[in-house]
Amino acid sequence: MSKLHNITKQQDNEATIRPGQVKLVGFGPGDPDLLTVKAVKAIEAADIIFYDDLISKDYLEQIDAEKVYVGKRSGHHSVEQRDINQLLLQAAKAGKEVVRLKGGDPMLFAHAGEEIEFLESYGITVSVIPGITTASAMASSLKVSLTHRQLSSSVALVNGHSNRPETPNADTLVYYMGAAKLPLIARTLLGKGKSADTPVILVYNVSHADEQRFETTIGELATDIRAYPTPLIALVGDVVATMHQRVEDIVKAKGQQFALCEHHV
């Protein structure tokens, strides 16, 4: 009788545990100084943090919460997404304040939609705290505006990991996770009519002390077999040229190219 009473009491206690919340938090491109105030508050209040690659280990060591690594890099998944979903659910059901810490912004190439849908289907409260996406951090580091009223009125953020690269009809293209597919991306862009002279800049480890930059063009990149370091982000478009040229000179050169093309038609 006593054992049955204890089992019933344990079940009652489990039933009365108030589920915790899950916060999807953007860590930004890697530099902890770029974290938002709201993100810092959520991290410091967490009972448990499930974190990705590209999160500063030095920063995490200063946080008291339990920390669980669930990172995914190309070809190397420490934990599958379905298992991450379950881990988040179990922690929340146990009444913990849960932070899912993601590099960049949670809502961009980070499986946030899958996690939100899964958790909310079990009645778990989910909130999202944005982070600075790598494209924005790169633009700031390079001092290159992704839009410019004379050069670029549209920007596309593209997953570069596909074997069939997307080539949106935008003036400026930013390819995430495309280091292994750069020649294929470049050849696809050429096939879609992009000029071989279109400037490209590749940036490794944006916002970190060891950030590196590699300048090239679509034409050169199409036959480039170098193995670039990762994580790498690629910026494609005339705005890249503003690093070294005045806008009026870029516009003038483009006008001359256009006139030359029309002459040959």
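All values below come from the heavy atoms of this structure, side chains included, with hydrogens, waters and symmetry mates left out. Here the structure is a predicted model, which means the values were calculated and not measured.
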J.: Please round to the nearest 0.5 Å and tell me the distance separating atom CG of Asp53 and atom OG1 of Thr230.
T.: 9.5 Å
J.: Side-chain contact test, heavy atoms from C-beta onward, threshold under 4.5 Å: evaluate it for Glu211 versus Val203 and give yes or no.
T.: yes
J.: Find out if a path of hydrophobic residues (ILVMFWY) with successive side-chain heavy-atom gaps under 4.5 Å connects Leu88 to Met107.
T.: yes
J.: Would you say the side chain of Ser127 lies within less than 4.5 Å of the side chain of Leu24, judging by non-hydrogen atoms?
T.: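 When only atoms from C-beta onward are counted, Ser127 and Leu24 do not touch, as no gap falls below 4.5 Å.
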J.: Would you mind reporting whether Lys67 and Glu61 have side-chain heavy atoms less than 4.5 Å apart?
T.: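 Answer no - side chains too far apart.
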J.: Check the pair Asp224, Glu220 against side-chain contact (heavy atoms from CB on, under 4.5 Å), reporting the backbone distance first and the verdict last.
T.: CA-CA 6 Å; Asp224 191 342; Glu220 292 171 353; over 6 Å; no
J.: To check you understand the geometry: which heavy-atom pair defines the closest contact between Val25 and Ala39, and what is its length?
T.: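 Looking at all heavy atoms of both residues, the closest pair is CG1-CB, 3.6 Å.
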J.: Under a 4.5 Å side-chain heavy-atom rule over Ile, Leu, Val, Met, Phe, Trp and Tyr, are Leu202 and Val174 clustered together?
T.: no
J.: Between atom CD of Gln245 and atom NZ of Lys252, what is the distance when rounded to the nearest 0.5 Å?
T.: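 It comes to 12.0 Å.
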J.: Give me the one residue out of Thr198, Val236, Leu221, Val200 that meets side chain to side chain contact (heavy atoms under 4.5 Å, CB included) with Leu189.
T.: Val236
J.: Can a donor-acceptor pair be found, under 3.5 Å and without considering hydrogens, that links the side chain of Lys143 to the backbone of Ser141?
T.: no
J.: Indicate the atoms forming the closest heavy-atom contact of Pro199 with Ala241, along with that distance.
T.: CG-N, 3.9 Å
J.: Has the side chain of Lys102 got a donor or acceptor atom that lies under 3.5 Å from a matching backbone atom of Ala110?
T.: yes
J.: I need the minimum non-hydrogen distance between Ala92 and Val22, along with the two atoms involved.
T.: CB-CG2, 3.9 Å
J.: Working to the nearest 0.5 Å, report the span between CG of Leu232 and CE of Met177.
T.: 12.0 Å
J.: Looking at Asp52, Val128, Ile49, which hits side chain to side chain contact (heavy atoms under 4.5 Å, CB included) with Arg100?
T.: Asp52
J.: Checking Gln150 against Glu248: is there a side-chain donor and acceptor pair closer than 3.5 Å?
T.: no
J.: Provide the closest heavy-atom pair for Gly26 versus Pro106 in the form atom of the first, atom of the second, distance.
T.: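 The answer is N-CG, 3.4 Å.
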J.: Does a donor on one side chain and an acceptor on the other come within less than 3.5 Å for Ser153 and Asp171?
T.: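 A pair is found: one side chain offers a donor N or O, the other an acceptor, under 3.5 Å apart.
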J.: To the closest 0.5 Å, what do you measure between CE (Met138) and CD1 (Ile233)?
T.: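 It comes to 4.5 Å.
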J.: Return the minimal non-hydrogen interatomic distance between Leu190 and Ser195, and the atom names on each side.
T.: CD2-C, 4.2 Å
J.: Is there a donor-acceptor pair closer than 3.5 Å between any side-chain N or O of Ser145 and the backbone N or O of Thr147?
T.: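 A pair under 3.5 Å: yes.
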J.: Assess the residue pair Tyr122 and Asn85 against the criterion (side-chain contact (heavy atoms from CB on, under 4.5 Å)); give the C-alpha distance rounded to whole Å, side-chain angles, the decisive distance to 0.1 Å, and a yes or no.
T.: CA-CA 11 Å; Tyr122 285 89; Asn85 293 347; over 6 Å; no
J.: Look only at the side chain of Thr172 and the backbone of Gly237, and say whether a donor-acceptor pair between them is shorter than 3.5 Å.
T.: no
J.: Checking Thr188 side chain against Leu184 main chain: does a donor-acceptor pair fall under 3.5 Å?
T.: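 Judged by distance alone, yes, a pair lies under 3.5 Å.
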J.: Is there a path from Leu108 to Ile132 through hydrophobic residues (I, L, V, M, F, W, Y) whose side chains come within less than 4.5 Å of each other?
T.: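 No: no chain of side-chain contacts under 4.5 Å links Leu108 to Ile132.
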J.: To the nearest 0.5 Å, what is the distance between CD (Gln62) and CG (Leu60)?
T.: 9.0 Å
J.: Quick one: does any side-chain atom of Tyr204 pair with a main-chain N or O of Asp210 as donor and acceptor, under 3.5 Å?
T.: no
J.: Quick check on the hydrophobic clustering: are Phe50 and Phe118 connected, directly or via other members, by side-chain heavy-atom contacts under 4.5 Å?
T.: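 Phe50 and Phe118: one cluster.
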J.: Would the distance check show the side chain of Arg187 and the main-chain N or O of Ala222 forming a donor-acceptor pair, the cut-off being under 3.5 Å?
T.: yes
J.: Angle class for the Tyr69/Tyr51 ring planes (parallel below 30°, perpendicular above 60°, tilted otherwise)?
T.: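 Correct class here is tilted.
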J.: When hydrophobic residues are tied together by side-chain contacts of less than 4.5 Å, even through go-betweens, does Leu157 share a cluster with Ile185?
T.: no
J.: So, the side chain of Thr133 versus the backbone of Ser136: is there a donor-acceptor pair under 3.5 Å, distance only?
T.: no
J.: Taking atom NZ of Lys93 and atom CG of Leu119, what is their separation to the nearest 0.5 Å?
T.: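 It comes to 10.5 Å.
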J.: Check Val99 against Ala42 and note the closest heavy-atom contact, atom names and distance.
T.: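 So the minimum-distance heavy-atom pair works out to CG2-O, 3.5 Å.
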J.: With side chains defined as the heavy atoms from C-beta onward, is the minimum distance between Glu44 and Asp64 less than 4.5 Å?
T.: no
J.: Take atom CD in Glu114; do more than 12 heavy atoms of anything else shown fall under 6.0 Å from it?
T.: yes
J.: Can you confirm whether Thr36 sits close enough to Pro130 that some side-chain heavy atom of one is under 4.5 Å from a side-chain heavy atom of the other?
T.: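 No, every pair of side-chain atoms sits at 4.5 Å or beyond.
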J.: Does the pair Glu97 and Lys23 meet the rule for a side-chain contact (heavy atoms from CB on, under 4.5 Å), with working shown?
T.: CA-CA 8 Å; Glu97 290 300 304; Lys23 293 183 172 70; 3.8 Å; yes
J.: Go through the steps for Leu54 and Phe27 under the test side-chain contact (heavy atoms from CB on, under 4.5 Å), then give the verdict.
T.: CA-CA 9 Å; Leu54 313 183; Phe27 193 82; over 6 Å; no
J.: My understanding is that only residues two or more places apart in sequence, or in another chain, count here; which of them pass ring pair (Phe, Tyr, Trp, His ring centres under 6.0 Å) with Tyr175?
T.: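 Listed in chain order: nothing, the list is empty.
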